[in-house]
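Here is the structure we will look at, set down as structure tokens.
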Amino acid sequence: MKPKVAFYWCASCGGCEEAVVDLGEELLTVADAVDIVFWPVAMDFKTSDVEALADGELAAAFVNGAIRTSEEEEMVRLLRRKAQVVVAFGACAWLGGIPGLANLYGRRSILDYVYGEEPSLEEHDGARPQEETDVAEGHVSLPTFDDDVRTLDQVIEVDYFLPGCPPPGELIRTAITALIEGTLPEKGSVLAPDVALCSDCPRLPSKPEKPSVKRFVRPHQVQIDPDLCLLAQGLICLGPATRSGCGAVCIAANMPCTGCMGPVSRVVDHGAKAMSAMASLLEADDEAEADALIGEIADPVGTFYRYSLPASLLHRRREPEAAGRSPS
Ligand code: SF4
Ligand code: SF4
């Protein structure tokens, strides 16, 4: 009997599902080695198909996306019960990811903006989605929109974490092979090398021993030297604070690392680590100069916590009931 596996998506963009499809012909090899019994984005399975499985009957469930609704929570609890191994697939499931930036706002603010303030071709009529509604055709239920975005392991026990936004094909292949061959590492492992990206970066030889930054710049503001370490050019590259395993593809495209592979195992808070790495480079003579340099960093939360706000020590911005939307 082939091992049964499930793929599921929660609050995600679909990129992680795309990454599985991008395995191309190798997907056929995977499909040959395992029995895919649940994959809503690709095949017409129903929740009842999962419910009908015995507890632990799934060899593995790969879950991408963060947790934002009651439906997602119910599904991952169900998959946890049915699976021997649960893999948090991608940055959103592991750390909260891009959808986790919604934790800068409260539930009420988000609904007010989307259904009341957002520029629209149609007049806003003040309507809000209701969880329970009676219509002519019958009764309609919607999932609860939670107050915050949570990581998968803030909701269920997770066995492995596959980093990346989305995870690189090579890491996906290695993880699936290890699952099939029974060679997965210790539970709780992140399935990627436990070293910082700089150690794999082709520009490492040009990284100054002690880089110092007089001015932070953004990629569109400068002509980027394709061979020189990006930090040495004043660009905020999170390579020193981010796990390797991506093949440094962004660096090869002349773009600084934005941190999607998450932290190495010794780091508790990826954003704080990244901030501290950048702060140590500042070449300022006094506090006022340091403040001015820091002031040049556009969108500090989006820069340092782009993929990890829900997993961070901060987790979310607490919004007083009467406060406006601005997170600043
Ligand atoms: S990790 Fe990236 S690619 Fe995957 S669902 Fe989240 S945003 Fe999309
Ligand atoms: S800081 Fe960025 S560009 Fe420089 S060596 Fe590290 S990963 Fe490469």
Side-chain angles (χ1 to χ4, degrees), residues 7-22 39-47 63-76 89-93 95-152 154-155 165-166 218-220 258 260 298-311 314-328:
F7 293 92
Y8 191 66
W9 59 351
C10 295
S12 82
C13 74
C16 280
E17 305 280 355
E18 193 66 46
V20 177
V21 176
D22 278 351
W39 192 9
V41 80
M43 300 174 205
D44 186 21
F45 293 112
K46 306 293 183 206
T47 305
V63 179
N64 70 76
I67 310 299
R68 183 74 211 226
T69 69
S70 56
E71 182 185 42
E72 290 155 4
E73 179 164 353
E74 278 165 31
M75 282 306 301
V76 298
F89 189 104
C92 296
L95 301 167
I98 304 274
L101 287 173
N103 280 2
L104 289 171
Y105 304 96
R107 174 184 191 276
R108 184 183 51 81
S109 289
I110 292 172
L111 293 176
D112 282 352
Y113 182 74
V114 173
Y115 292 98
E117 301 160 21
E118 190 182 36
S120 168
L121 291 176
E122 291 181 20
E123 287 267 317
H124 291 293
D125 61 3
R128 297 283 186 279
Q130 302 299 312
E131 283 169 28
E132 306 293 335
T133 313
D134 286 314
V135 290
E137 293 77 11
H139 188 76
V140 180
S141 297
L142 283 179
T144 303
F145 183 64
D146 295 337
D147 202 36
D148 59 348
V149 174
R150 287 173 291 166
T151 65
L152 188 59
Q154 286 167 353
V155 178
C165 180
R218 302 177 78 186
H220 65 279
T258 56
C260 79
D299 186 13
V301 181
T303 300
F304 298 113
Y305 285 97
R306 183 174 303 181
Y307 304 96
S308 66
L309 184 58
L314 299 168
H315 180 66
R316 63 173 293 191
R317 175 175 179 262
R318 292 233 163 256
E319 188 176 61
E321 265 310 294
R325 292 192 63 259
S326 170
S328 58

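As the structure is a computational prediction, the values presented were derived from the model and not from experiment.
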Run the numbers on Asn64 and Glu17 for side chain to side chain contact (heavy atoms under 4.5 Å, CB included), then give the verdict.
CA-CA 8 Å; Asn64 70 76; Glu17 305 280 355; 3.0 Å; yes

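Here the straight-line distance linking atom SG of Cys13 with atom CD of Glu18 works out to 9.0 Å at 0.5 Å rounding. Taking CG of Leu309 as the reference point, atom CZ of Arg317 lies at 11.5 Å (rounded to 0.5 Å). Atom SG of Cys16 sits about 11.0 Å away from atom CG of Asp22, to the nearest 0.5 Å. Put simply, SG on Cys165 and CZ on Arg306 are 9.5 Å apart, with the number rounded to the nearest 0.5 Å.
The minimum heavy-atom distance linking Tyr113 with Pro119 is given by the pair OH-CD, 4.0 Å. In this structure, Ser308 and Phe304 approach most closely via the heavy-atom pair OG-O, 4.3 Å. Between Met75 and Tyr8 the shortest heavy-atom distance is CG-OH, 3.3 Å. For Leu95 against Tyr307, the heavy-atom pair with the smallest separation is CB-O, 3.1 Å. Of all non-hydrogen atoms in Gly96 and Pro310, the two that sit nearest each other are CA-CG, 3.7 Å. In plain terms, the two heavy atoms of Ala91 and Cys260 that are nearest each other are CB-O, 3.7 Å.
When atom types are taken as modelled, the side chain of Glu73 and the backbone of Asp146 share no donor-acceptor pair closer than 3.5 angstrom. Side-chain N or O atoms of His124 include one that pairs as donor or acceptor with a backbone N or O of Glu118 at under 3.5 Å. In this structure, Asn103 contributes its side chain and His315 its backbone to a donor-acceptor pair below 3.5 Å. In terms of modelled atom types and a separation under 3.5 Å, the side chain of Thr303 and the main chain of Ala298 share a donor-acceptor contact. Between the side chain of Glu72 and the backbone N or O of Thr69, at least one donor-acceptor pair lies under 3.5 Å. A donor-acceptor pair is defined here as one N or O able to donate and one able to accept, closer than 3.5 Å; no such pair exists between the side chain of Glu117 and the backbone of Tyr115.
The side chain to side chain contact (heavy atoms under 4.5 Å, CB included) search around Asp147 returns Arg107, Arg316, not counting sequence neighbours. Partners of Glu123 according to the side-chain hydrogen bond (donor to acceptor under 3.5 Å, both in side chains) rule, which considers only residues two or more places apart in sequence or in another chain, do not exist here. With sequence neighbours excluded, the residues forming a ring pair (Phe, Tyr, Trp, His ring centres under 6.0 Å) with Phe7 are Trp39, Phe62, listed by chain and number.
Partner of Cys10 under the side chain to side chain contact (heavy atoms under 4.5 Å, CB included) criterion, chosen from Val63, Val149, Val155: Val63.
A cation-pi contact, defined as under 6.0 Å to the ring centre and within 45° of the axis, links Arg68 to Phe145.
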